[in-house]
Amino acid sequence: MKKRMVKKYFKNKDEVKVVLDKLEASYPDADCALHHDSIFHLLLAVVLSAQTTDASVNKITPKLFSTYGEPSQLAAADIKAVEDIIKTLGLYKNKAKNLVGIGKMLCESYEGEVPKDFVELQKLPGVGRKTANVVMSVGFGEPHIAVDTHVFRVSNRIGLVTEDDVLKTEKALMKVIPENRWSHMHHVLIFHGRQCCTARNPKCDSCCIGEECRYNQK
């Protein structure tokens, strides 16, 4: 079988390194913006962040976390009570159902602990690749790249990769970016997407990689 080549705009590792270095220099403190005090609560926060902002999640998690500090408490929770806490978020009914399901499954299948395994994490209700990647990276300190809407847009727009879906983008980024930079670059790309390379009216004139960016060269 012919090996598939990674499509990208930058011609070699040196060109990619220049872009990564400039981005990291601009966002040295880029990190997970979701507030959490445990891997369990990180998991819940990431599940809640789907199709909403981290800021919106952070507004409701203090009460959620103080009420349900452990998986066993969430497993025994009434779904309506969870709904009442998270009702300001989009898709809150489905998310409440998933949170209670996570609590139950952690207690029934994982001895009340969040599994330190990418595949096992995705067996939990409401947990897909992106959530599992974030938990493995932020929670367990493993090198992973989670592709959300910002990472997908920025990485393809600037030319690190040229892919047409999230999974292809994740796999391509894993080949283009050195493994020891995966986790931090995930956050850096998110910060760049929020602060500069926005979906509408990106701030190209003040962009730290304006000279290298494929989009800016058009």
Side-chain angles (χ1 to χ4, degrees), residues 3-36 38-47 49-50 54 57 114-124 126-199 207-209 212-215:
K3 186 175 181 180
R4 180 177 177 275
M5 298 298 291
V6 178
K7 298 178 291 182
K8 56 184 182 300
Y9 171 66
F10 302 108
K11 299 179 179 63
N12 54 54
K13 292 181 179 179
D14 289 337
E15 290 187 1
V16 171
K17 184 177 184 302
V18 169
V19 173
L20 301 186
D21 288 348
K22 285 188 175 184
L23 285 170
E24 285 194 320
S26 295
Y27 310 99
D29 299 322
D31 202 352
C32 180
L34 290 167
H35 299 166
H36 59 281
S38 67
I39 295 176
F40 170 55
H41 285 161
L42 169 66
L43 171 62
L44 301 186
V46 181
V47 169
S49 70
D54 291 353
V57 174
V114 177
K116 188 180 179 180
D117 184 276
F118 184 66
V119 174
E120 293 300 312
L121 280 168
Q122 292 178 77
K123 294 179 181 179
L124 298 170
V127 177
R129 288 186 67 90
K130 189 203 82 171
T131 297
N133 274 319
V134 173
V135 173
M136 291 300 298
S137 174
V138 177
F140 293 113
E142 300 287 339
H144 281 258
I145 294 178
V147 179
D148 68 354
T149 182
H150 297 295
V151 174
F152 177 75
R153 180 182 70 255
V154 172
S155 60
N156 281 281
R157 178 185 277 172
I158 67 179
L160 280 175
V161 297
T162 51
E163 300 294 351
D164 55 9
D165 68 36
V166 170
L167 180 58
K168 289 178 182 177
T169 295
E170 178 191 327
K171 292 184 175 180
L173 284 174
M174 290 170 68
K175 294 180 179 180
V176 172
I177 299 173
E179 184 174 351
N180 66 338
R181 303 181 80 163
W182 286 356
S183 293
H184 190 231
M185 281 309 304
H186 154 69
H187 297 299
V188 167
L189 290 171
I190 290 175
F191 272 50
H192 190 57
R194 287 174 176 165
Q195 299 180 28
C196 181
C197 197
T198 49
C207 179
C208 63
I209 56 169
E212 293 81 19
C213 176
R214 176 183 66 175
Y215 181 84

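Scope of the values below: all heavy atoms of this structure, side chains included, with no hydrogens, waters or symmetry mates. Start at 1 with the first residue, then count along the sequence.
Of the inter-residue distances, the one linking L173 atom CG with W182 atom CH2 reads 10.0 Å to the nearest 0.5 angstrom. Taken to the nearest 0.5 Å, the OG atom of S137 stands 9.0 Å off from the CD1 atom of I145. Of the inter-residue distances, the one linking H144 atom NE2 with K130 atom NZ reads 15.5 Å to the nearest 0.5 angstrom. Taking NE2 of H192 as the reference point, atom NE2 of H150 lies at 12.0 Å (rounded to 0.5 Å). Note that CD1 of I209 and OH of Y215 are 13.0 Å apart. Values are rounded to the nearest 0.5 Å. Atom CG in L167 sits 5.0 Å away from atom CZ in R129 (nearest 0.5 Å).
The minimum heavy-atom distance linking P143 with S183 is given by the pair CA-OG, 3.5 Å. Smallest separation of non-hydrogen atoms from H41 and H36: C-CB, 4.1 Å. When all heavy atoms of F140 and I39 are compared, the closest pair comes out as CE2-CD1, 3.4 Å. Across every non-hydrogen atom of H187 and V138, the tightest pair is NE2-CG2, 3.7 Å. Across every non-hydrogen atom of A146 and H186, the tightest pair is O-ND1, 2.8 Å. Between G126 and V47, the shortest heavy-atom distance links the atoms O-CG2, 4.0 Å.
The pair D54-R194 meets the salt-bridge criterion, with a side-chain N (NZ, NE, NH1 or NH2) lying under 4.0 Å from an Asp/Glu carboxylate O. For the pair D21 and R181, the salt-bridge criterion is met [side-chain N within less than 4.0 Å of a carboxylate O].
In this structure, R157 contributes its side chain and C213 its backbone to no donor-acceptor pair below 3.5 Å. In this structure, Q122 contributes its side chain and F118 its backbone to a donor-acceptor pair below 3.5 Å.
For the pair F40 and L44, the minimum side-chain heavy-atom distance is below 4.5 Å. Contact of the L43 side chain with the L124 side chain is registered, since non-hydrogen atoms from C-beta on lie closer than 4.5 Å. A 4.5 Å side-chain heavy-atom check between E15 and V19 finds every atom pair outside the cut-off. Under the 4.5 Å side-chain criterion, counting only non-hydrogen atoms from C-beta, M185 is in contact with V188. The shortest distance between side-chain heavy atoms of C32 and L42 falls below 4.5 Å. Contact of the I158 side chain with the R214 side chain is not registered, since no non-hydrogen atoms from C-beta on lie closer than 4.5 Å.
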message = Before you tell me yes or no, could you show the steps for I190 and V151 under side-chain contact (heavy atoms from CB on, under 4.5 Å), namely the whole-Å CA-CA distance, both residues' side-chain angles and the distance that decides it to 0.1 Å?
response = CA-CA 6 Å; I190 290 175; V151 174; 3.7 Å; yes

message = Between K168 and D164, is the side-chain contact (heavy atoms from CB on, under 4.5 Å) condition met? List the steps.
response = CA-CA 7 Å; K168 289 178 182 177; D164 55 9; 3.4 Å; yes

task = Applying side-chain contact (heavy atoms from CB on, under 4.5 Å), run through E170 and N133 and close with a yes or a no.
result = CA-CA 10 Å; E170 178 191 327; N133 274 319; 3.4 Å; yes

request  = Let me see the working for T169 and N156 under side-chain hydrogen bond (donor to acceptor under 3.5 Å, both in side chains), right down to the final yes or no.
outcome  = CA-CA 8 Å; T169 295; N156 281 281; 3.2 Å; yes

inquiry  = Could you walk me through whether K171 and E163 satisfy the side-chain contact (heavy atoms from CB on, under 4.5 Å) test, starting with their C-alpha distance in whole Å, then the side-chain angles of each, then the deciding distance to 0.1 Å, before giving a yes or no?
reply    = CA-CA 10 Å; K171 292 184 175 180; E163 300 294 351; over 6 Å; no

